[in-house]
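First comes the structure, then the notes that go with it.
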Amino acid sequence: METKGVPLIDMQDPHGLPEKLVKACEEWGCFRVVNHGIPSTVLSEMKVVCRSLLDLPFKIKQGDSPPGPGQRYTPPYMASPYFEGLNIYDMASPGAVDDFCTQVHASPHQREIILKHSQALFELAKDLGGKMAEGLGLGGLEAFQDWPCQFQMNKYNYSPESVGSTGAVMHSDAGFITILQDDELVNGLEVVNKFTGDLVSVDPIPGTLVINIGDVGMVWSNGRFNNVKHRVQCYKATVRISIALFVFGPRGKRVEAPSELVDSEHPRLYNPFDFEAYRKLRHSTGSPTGEALELFRAALPIDS
Ligand SMILES: O=C(O)CCC(=O)C(=O)O
Ligand SMILES: [Fe+2]
C-alpha cells in the first residue's frame with residue numbers, strides 16, 4: 001500500500017512487515033502507520049487535552065522550568081513566532097508524567113489521558129524498534145525498552161498574516177525515532193525526498209501516525225536509515241496541533257551501530273557518542289539537520 005508521497009505501512013501486515021519497515025526507513029526515513037493499535041478515542045482525547053493545556057496562561061505553562069534543551073515550555077518567538085510547545089522530558093521515567101501534570105494543574109481526567117496516550121506511543125515505538133532490528137537481521141532492540149524519550153505537545157497559532165510562512169523550520173529530529181500525531185485536519189508537514197531533494201507534503205490521514213527517523217537512527221543503522229529533513233508550513237489561518245514522542249538513544253550507553261551492521265564493505269561511519277552531549281552540540285552549533293554529526297565521522301580506513 002503506498003501513497004503518492006511517503007509510504008503507508010500496515011502494522012498488522014502479515015507479509016514481511018520488518019523488511020517493509022526497513023525499506024521505508026532507508027528510502028524515506030518517514031512513513032505513516034495504520035492499524036497501530038492505539039484507539040482513535042485516545043488520539044482525539046489527547047488532542048483536546050493538548051489544546052487546553054496550551055491555552056493555559058503563560059505563567060502556568062512556563063512555571064519555574066529552567067531554560068535549555070529539556071525545558072518544559074518553548075514559548076513563541078524562540079523557535080518560530082507561531083510555534084509553542086510543552087514537553088515532558090524523560091517521559092517514561094517514574095513520576096515524570098505525574099510531575100508534569102501537577103505543575104500544569106492538569107485534572108485527573110487529563111492526567112489519565114496523557115498517561116494512556118504517552119505510554120501507548122512509547123509501546124508503539126518499542127514495537128517499531130524491535131521490528132526494524134529484526135528487518136536488519138539483528139536479534140532485537142532490547143535496550144530500546146529503557147531508552148529516554150520526550151513527549152511534546154505542539155501548537156501553531158496561525159493568523160492570516162502567517163499563511164505561506166514557516167511554522168517549524170527545516171530540521172531532522174535528533175533521536176532514534178519519532179512517533180508523531182499530526183493534526184488530522186490541518187496540513188503543513190513537509191518532508192524532503194532524499195533522492196530528488198523535492199519537498200513532499202505529508203497530508204493528514206485521520207487515525208494514523210507519522211514515524212520519522214532521526215539522527216541517532218541514521219547513526220545506529222550505520223547510515224542505512226535516512227534522518228529525514230522536514231518542516232511545517234502554514235497553509236491556513238487556524239490553530240494546528242501536533243503531539244510527538246521522541247525516543248532518543250540508549251540510556252547510559254553510547255550511540256553506535258551494532259557490529260552486525262559493520263563490515264569491510266560497510267565501514268563504521270561514526271564514532272560512538274553520548275546522546276546528551278550530541279544534543280547539546282546540535283543546539284550550541286545551530287545544526288538543525290544533523291550537521292554536527294560530522295564531528296563524529298569515523299576516519300576512513302587507510303588502504304594498505
Ligand atoms: O508538527 C508537526 O507536524 C511536526 C513537528 C516536528 O517536526 C517536531 O516537533 O519535531
Ligand atoms: Fe521534527
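Residue numbers run from 1 in the order of the sequence given. Everything numeric in this text was worked out from a predicted model, so none of it was measured.
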Donor-acceptor pair, side chain of Q12 and main chain of N35, under 3.5 angstrom: yes

Within-4.5 Å side-chain heavy-atom neighbours: I38 and H117: no

Ring centers of F296, Y270 separated by less than 6.0 Å: no

Exam field: side chain N222 to backbone H266, donor-acceptor pair closer than 3.5 Å: yes

Minimum heavy-atom distance between C101 and I114, given as atom pair plus value: SG-CD1, 3.9 Å

Under 3.5 Å: donor-acceptor pair, side chain of R240, backbone of V186: yes

Derivation of the side chain to side chain contact (heavy atoms under 4.5 Å, CB included) call for C234 and Y82: CA-CA 9 Å; C234 169; Y82 318 113; 5.7 Å; no

Residues E123 and K126 bridged, charged N to O under 4.0 Å: yes

S52 and Q110 side chains, donor-acceptor separation under 3.5 Å: yes

Aromatic plane relationship, Y278 with F273 - under 30° parallel, 30 to 60° tilted, over 60° perpendicular: tilted

Donor-acceptor contact below 3.5 Å, side chain S287 vs main chain G290: no

Side-chain donor/acceptor of T208 to backbone N/O of I205, under 3.5 Å: yes

Salt-bridge present (D182, K47; N to O < 4.0 Å): no

Closest non-hydrogen atom pair, E256 against P272: OE1-CG, 3.5 Å

Euclidean distance, S221 OG relative to L136 CG, rounded to 0.5 Å: 7.0 Å

Joint hydrophobic cluster, V192 plus L293, side-chain heavy atoms closer than 4.5 Å: no

Electrostatic pair R282:D215 at N-O distance under 4.0 angstrom: yes

Nearest-0.5 Å distance that lies between atom CZ in F31 and atom CD1 in I213: 6.0 Å

Geometric class of the F248/Y89 ring pair [parallel <30°, tilted 30-60°, perpendicular >60°]: tilted

D90 and R251 ion-paired at < 4.0 Å: yes

Close side-chain approach of C30 to V210, heavy-atom, < 4.5 Å: yes

Test log, rule salt bridge (Lys or Arg N to Asp or Glu O under 4.0 Å), inputs D10 and K20: CA-CA 10 Å; D10 180 349; K20 286 177 185 166; over 6 Å; no

Side chains of R231 and V169 in contact at under 4.5 Å (non-hydrogen atoms): no

Heavy-atom pair of closest approach, residues R32 and P204: NH2-CA, 3.4 Å

Nearest-0.5 Å distance, CG of residue N87 to CZ of residue F151: 10.5 Å

Check: V247 and M91 side chains under 4.5 Å, non-hydrogen atoms: no

Flag for N193-D198: side-chain donor and acceptor within less than 3.5 Å: no

Side-chain touch Y73/E84, heavy atoms, less than 4.5 angstrom: yes

Centroid-centroid distance, F176 to W147, less than 6.0 Å: yes

Euclidean distance, Q103 CD relative to L86 CG, rounded to 0.5 Å: 10.5 Å

Within-4.5 Å side-chain heavy-atom neighbours: I177 and M132: yes

S159 backbone acceptor or donor facing E161 side chain under 3.5 Å: no

same_hphob_cluster(L199, V228) at 4.5 Å side-chain heavy-atom cutoff: no

salt_bridge(E26, K23) N-O dist < 4.0 Å: no

Side chain N212, main chain T178, donor-acceptor under 3.5 Å: no

Path from V48 to M153 over hydrophobic side-chain contacts below 4.5 Å: no

Any L269 side-chain heavy atom under 4.5 Å of M218 side chain: no

From CG (L43) to CD1 (I243), nearest 0.5 Å: 8.0 Å

Aromatic ring proximity F83/Y156, centre distance under 6.0 Å: yes

R51 side-chain N/O to I241 backbone N/O, donor-acceptor pair under 3.5 Å: no

Minimum-distance pair of heavy atoms, taken over all atoms of P250 and P148: C-CD, 4.4 Å

Non-hydrogen atoms of T289 and M170 that approach each other most closely: CG2-O, 4.0 Å

CD on E276 to CZ on R279, rounded to 0.5 Å: 5.0 Å

N227 to S172 - nearest heavy-atom pair and separation: O-CB, 3.9 Å

Joint cluster assignment, L180 & L185, ILVMFWY side-chain distance < 4.5 Å: no

Any donor-acceptor N/O pair, N226 side chain to W28 backbone, under 3.5 Å: yes

NZ/NE/NH1/NH2 to OD/OE distance under 4.0 Å, D127 and K131: yes

Derivation of the side chain to side chain donor-acceptor pair (under 3.5 Å) call for Q233 and T166: CA-CA 4 Å; Q233 284 297 96; T166 301; 2.6 Å; yes

Side-chain donor or acceptor of S80 paired with backbone N/O of G167 under 3.5 Å: yes

Student check: side-chain heavy atoms of L281 and L295 closer than 4.5 Å: yes

Enclosure of K229 NZ (heavy-atom neighbours >12, cutoff 6.0 Å): no

Linked, directly or transitively: I179 and L17 (ILVMFWY side chains, under 4.5 Å): yes

